[in-house]
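Since the structure comes first, as structure tokens, the remarks are kept for the end.
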Amino acid sequence: LTNRLENTKINFNTGNYLADAIISDKAKRAESDGNKIEFYGYFPCAGIKNSDVCTILSNLLDNAIEACAPYPPCTIKVTSEIKRGGTVITVSNPVKNRVEIKYNTIKTSKADGSNHGYGIGNVRSVAKKYAGELRLTCEDGVFTAEVLLLMENEGKKE
């Protein structure tokens, strides 16, 4: 990841240099499929570990890019808002077929399911570490992953 980030042109200004680099790298990949990523808001620097920024954005954007790849042109929307001492990070993408969500999780759509499907669990673990949660929804042809983090709680549950 470090080598890839060093070669990436930074096209986003989120307020967090690592988030800028990750989203820029993922946007390049999405563009190769005929899709795009849009970012709105501010991504915090303080109160969140770099490894957690990477886990959240990399997993959610990889999932969105993969879901959109067969159906260009798609727009993947990423938002980050600071609310009452916490942050809400949302990644949404259009879907052709309704995604079945049970108990706030989804099954991998890949044939080799035993080696896939860990990304959402990793994002959920990061959210819990910050006394937050991951919410998954699929409505009106849009799949949304919303991560809520309480920044002052970082590290207390490790």
Side-chain angles (χ1 to χ4, degrees), residues 1-83 85-95 99 105-106 108-110 115-138 142-155 157-158:
L1 182 61
T2 301
N3 291 336
R4 288 179 63 195
L5 293 178
E6 288 174 2
N7 296 321
T8 300
K9 180 180 176 189
I10 304 301
N11 295 319
F12 293 88
N13 185 13
T14 67
N16 179 308
Y17 75 93
L18 184 57
D20 295 347
I22 292 169
I23 297 171
S24 294
D25 179 61
K26 300 301 181 182
K28 185 176 177 182
R29 182 172 152 216
E31 287 170 12
S32 72
D33 294 329
N35 299 310
K36 68 178 181 174
I37 295 176
E38 294 178 351
F39 176 82
Y40 304 95
Y42 175 80
F43 205 101
C45 285
I48 185 168
K49 292 182 178 179
N50 285 342
S51 59
D52 296 334
V53 170
C54 187
T55 297
I56 292 168
L57 289 177
S58 293
N59 283 296
L60 294 182
L61 286 172
D62 282 347
N63 289 350
I65 290 166
E66 186 173 320
C68 289
Y71 311 107
C74 291
T75 299
I76 298 164
K77 294 182 181 177
V78 181
T79 62
S80 182
E81 271 185 280
I82 297 175
K83 293 183 175 184
T87 299
V88 180
I89 302 159
T90 306
V91 176
S92 61
N93 58 276
V95 291
V99 176
T105 195
I106 57 176
T108 184
S109 59
K110 296 177 182 161
N115 291 315
H116 297 282
Y118 297 106
I120 292 290
N122 290 339
V123 173
R124 182 174 284 108
S125 293
V126 168
K128 285 182 182 180
K129 177 177 162 181
Y130 292 82
E133 64 180 306
L134 170 67
R135 294 182 190 156
L136 305 176
T137 59
C138 188
V142 177
F143 178 83
T144 302
E146 182 180 57
V147 183
L148 300 102
L149 308 172
L150 295 177
M151 306 310 272
E152 64 271 8
N153 287 315
E154 183 276 320
K157 294 196 172 193
E158 285 190 278

Which heavy atom of [X] sits nearest a heavy atom of [Y], and at what distance?
{"X": "P94", "Y": "T75", "answer": "CD-O, 3.4 Å"}
{"X": "A67", "Y": "N93", "answer": "CB-ND2, 3.6 Å"}
{"X": "L134", "Y": "A145", "answer": "CD1-CB, 4.2 Å"}
{"X": "G34", "Y": "P72", "answer": "O-CB, 3.7 Å"}

Nearest 0.5 Å, what's the [atom1]-[atom2] distance between [X] and [Y]?
{"X": "K36", "Y": "I76", "atom1": "NZ", "atom2": "CD1", "value": "11.0 Å"}
{"X": "R135", "Y": "R124", "atom1": "CZ", "atom2": "CZ", "value": "12.5 Å"}
{"X": "S58", "Y": "I23", "atom1": "OG", "atom2": "CD1", "value": "10.0 Å"}

Query raised in the report: With respect to Y42, which candidate in T87, N13, I82, N16 satisfies the side chain to side chain contact (heavy atoms under 4.5 Å, CB included) definition?
Result: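 Answer after filtering T87, N13, I82, N16: I82.
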Using side-chain heavy atoms (C-beta onward) and a distance below 4.5 Å, is [X] in contact with [Y]?
{"X": "I56", "Y": "L149", "result": "yes"}
{"X": "Y40", "Y": "T90", "result": "no"}
{"X": "F43", "Y": "V53", "result": "yes"}
{"X": "D62", "Y": "R29", "result": "yes"}
{"X": "V147", "Y": "L60", "result": "yes"}
{"X": "T55", "Y": "N59", "result": "yes"}

Counting N and O atoms only, with roles assigned by atom type, does the side chain of [X] sit under 3.5 Å from a partner on the main chain of [Y], one being a donor and the other an acceptor?
{"X": "D20", "Y": "T14", "answer": "yes"}
{"X": "D25", "Y": "A21", "answer": "no"}
{"X": "S24", "Y": "N11", "answer": "yes"}
{"X": "N35", "Y": "C68", "answer": "yes"}

Query - Derivation and outcome, side-chain contact (heavy atoms from CB on, under 4.5 Å), residues I65 and I37 - result: CA-CA 9 Å; I65 290 166; I37 295 176; 4.3 Å; yes
Query raised in the report: K26 and L57: side-chain contact (heavy atoms from CB on, under 4.5 Å), yes or no, with the steps?
Result: CA-CA 9 Å; K26 300 301 181 182; L57 289 177; over 6 Å; no
Query raised in the report: Run the side-chain contact (heavy atoms from CB on, under 4.5 Å) check on I106 and F143 step by step: do they pass?
Result: CA-CA 11 Å; I106 57 176; F143 178 83; 4.2 Å; yes
